[in-house]
Amino acid sequence: MGKITFEIAVENIDSVKEIQESRVADRIELCDNLMVGGTTPSAGLIQQSLKSSYLPVMVLIRPRPGDFHYSKSEFDVMISDVMFVKIAGVSGVVTGILKVDGHVDRERMAR
């Protein structure tokens with residue numbers, strides 16, 4: 001069996017620093033609005049988290065709370081967010097997109 005990666009979802013810079021200092025996780029999932037299931041964090045939080053942590057930082061790409069069926073405009077925002085975080089230097093993204101019938105939208109996920 002492979003190594004299990006322990007990831008902690010956080011929504012502020014103090015939590016990023018605390019995880020880093022305590023060494024309780026293998027990586028960080030950076031989010032905003034965790035009380036509603038999480039949304040994409042701000043550019044500033046992403047940049048400061050990358051400066052503050054040697055741990056890999058994964059960024060949630062989710063333009064709004066609620067379901068995971070996104071309009072074309074919301075999907076365009078998600079693509080822009082992915083391009084931004086890639087340039088910023090994050091280790092990866094966390095996201096999900098469903099079709100109206102509840103199945104994974106593989107075509108959009110591949111993009």
Side-chain angles (χ1 to χ4, degrees):
M1 183 173 197
K3 179 182 181 273
I4 295 174
T5 300
F6 184 59
E7 176 179 284
I8 297 179
V10 300
E11 62 183 358
N12 61 61
I13 193 65
D14 291 333
S15 294
V16 169
K17 290 178 178 179
E18 184 177 329
I19 291 167
Q20 156 100 8
E21 291 169 8
S22 65
R23 301 174 189 252
V24 296
D26 300 310
R27 68 182 183 203
I28 293 168
E29 179 182 330
L30 194 61
C31 311
D32 197 12
N33 300 306
L34 283 171
M35 289 187 69
V36 295
T39 57
T40 304
S42 72
L45 179 56
I46 293 166
Q47 290 170 335
Q48 291 303 307
S49 297
L50 291 170
K51 282 184 180 179
S52 299
S53 179
Y54 65 85
L55 293 172
V57 175
M58 309 292 284
V59 173
L60 178 65
I61 303 296
R62 187 175 183 210
R64 59 160 173 78
D67 64 32
F68 293 88
H69 180 254
Y70 300 109
S71 69
K72 179 184 180 332
S73 298
E74 290 171 324
F75 181 68
D76 291 344
V77 168
M78 294 171 77
I79 294 295
S80 294
D81 284 341
V82 169
M83 287 191 280
F84 169 78
V85 300
K86 182 178 179 181
I87 291 167
V90 302
S91 298
V93 298
V94 178
T95 194
I97 304 171
L98 300 177
K99 295 180 180 182
V100 177
D101 65 7
H103 289 92
V104 173
D105 189 333
R106 293 182 184 275
E107 183 179 318
R108 282 179 152 184
M109 287 295 296
R111 285 199 53 215

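Quantities reported herein were computed from a predicted structural model and do not represent experimental measurements. Throughout, residue positions are numbered sequentially from 1 according to the sequence presented.
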Practice item. Could you list all the side-chain hydrogen bond (donor to acceptor under 3.5 Å, both in side chains) pairs where at least one residue sits in residues 97-111, not counting sequence neighbours? Key: Asp101-His103
Study note, to complete from the structure: Applied to residues 38-47, the side-chain hydrogen bond (donor to acceptor under 3.5 Å, both in side chains) test, sequence neighbours excluded, yields Asn33-Thr39
Check your understanding: Do you know which two heavy atoms are closest between Met78 and Pro63, and how far apart they sit?
Key -> CG-CD, 3.6 Å
Practice item. For Lys3, enumerate each residue passing the salt bridge (charged side-chain N to carboxylate O under 4.0 Å, His left out) test, keeping only those at least two apart in sequence or located in another chain. Key: Asp26
**Study point:** Members sharing Met58's hydrophobic cluster (side chains within less than 4.5 Å)
**Key:** Leu60, Val94
Review point. Which residue, Ile79, Val77, Thr95, forms the side-chain contact (heavy atoms from CB on, under 4.5 Å) with Ile61?
Key: Thr95
Review point. Stepwise, does the side chain to side chain contact (heavy atoms under 4.5 Å, CB included) test hold for Phe6 with Arg27?
Key: CA-CA 7 Å; Phe6 184 59; Arg27 68 182 183 203; over 6 Å; no
Exercise for review: Please lay out, stage by stage, how Tyr70 and Leu98 fare under the test side chain to side chain contact (heavy atoms under 4.5 Å, CB included).
Suggested key: CA-CA 8 Å; Tyr70 300 109; Leu98 300 177; over 6 Å; no
Practice item. Heavy atoms only: give me the nearest Leu34-Ala9 pair and the separation to one decimal. Key: CD1-O, 3.9 Å
Study note, to complete from the structure: Of all heavy-atom pairs linking Val100 and His69, the shortest is CG2-NE2, 3.1 Å
Point to revise | Pairwise side-chain hydrogen bond (donor to acceptor under 3.5 Å, both in side chains) hits with a residue in residues 76-94, at least two apart | key: Lys72-Asp76
Exercise for review: Supply the atom-to-atom distance Ile97 CD1 to Phe75 CZ, rounded to the nearest 0.5 angstrom.
Suggested key: 5.0 Å
Review point. What is the distance from atom CD of Glu29 to atom CD of Glu11, rounded to the nearest 0.5 Å?
Key: 11.5 Å
Practice item. Treating Ile, Leu, Val, Met, Phe, Trp and Tyr as nodes and any side-chain heavy-atom pair under 4.5 angstrom as an edge, say whether Ile87 and Leu50 lie in one connected cluster. Key: no
Point to revise | Closest contact, heavy atoms only, Val57 versus Val90 | key: O-CB, 3.4 Å
Check your understanding: How far does CD of Gln48 sit from CG of Leu30, to the nearest 0.5 angstrom?
Key -> 11.5 Å
Check your understanding: If you count the non-hydrogen atoms of other residues, nucleotides and ligands that lie under 6.0 Å from CD in Glu18, is the total more than 12?
Key -> no
**Study point:** Criterion side-chain contact (heavy atoms from CB on, under 4.5 Å) against Ile8, the qualifying member of Ile28, Val16, Ile19
**Key:** Ile19
Review point. What about Val10 and Val36, same hydrophobic cluster or not, with Ile/Leu/Val/Met/Phe/Trp/Tyr joined at side-chain heavy-atom distances under 4.5 Å?
Key: no
Study note, to complete from the structure: Here the pair of heavy atoms bringing Leu55 nearest to Ala25 is CD2-O, 3.7 Å
Point to revise | Path from Phe68 to Met35 over hydrophobic side-chain contacts below 4.5 Å | key: no
**Study point:** With Asp67 via salt bridge (charged side-chain N to carboxylate O under 4.0 Å, His left out) - residues at least two apart
**Key:** Arg64
Practice item. Could you tell me which non-hydrogen atom of Ser49 sits nearest to which non-hydrogen atom of Leu45, and how far apart they are? Key: OG-O, 2.7 Å
Review point. What distance separates Ile13 CD1 from Gln20 CD, expressed to the nearest 0.5 Å?
Key: 10.0 Å
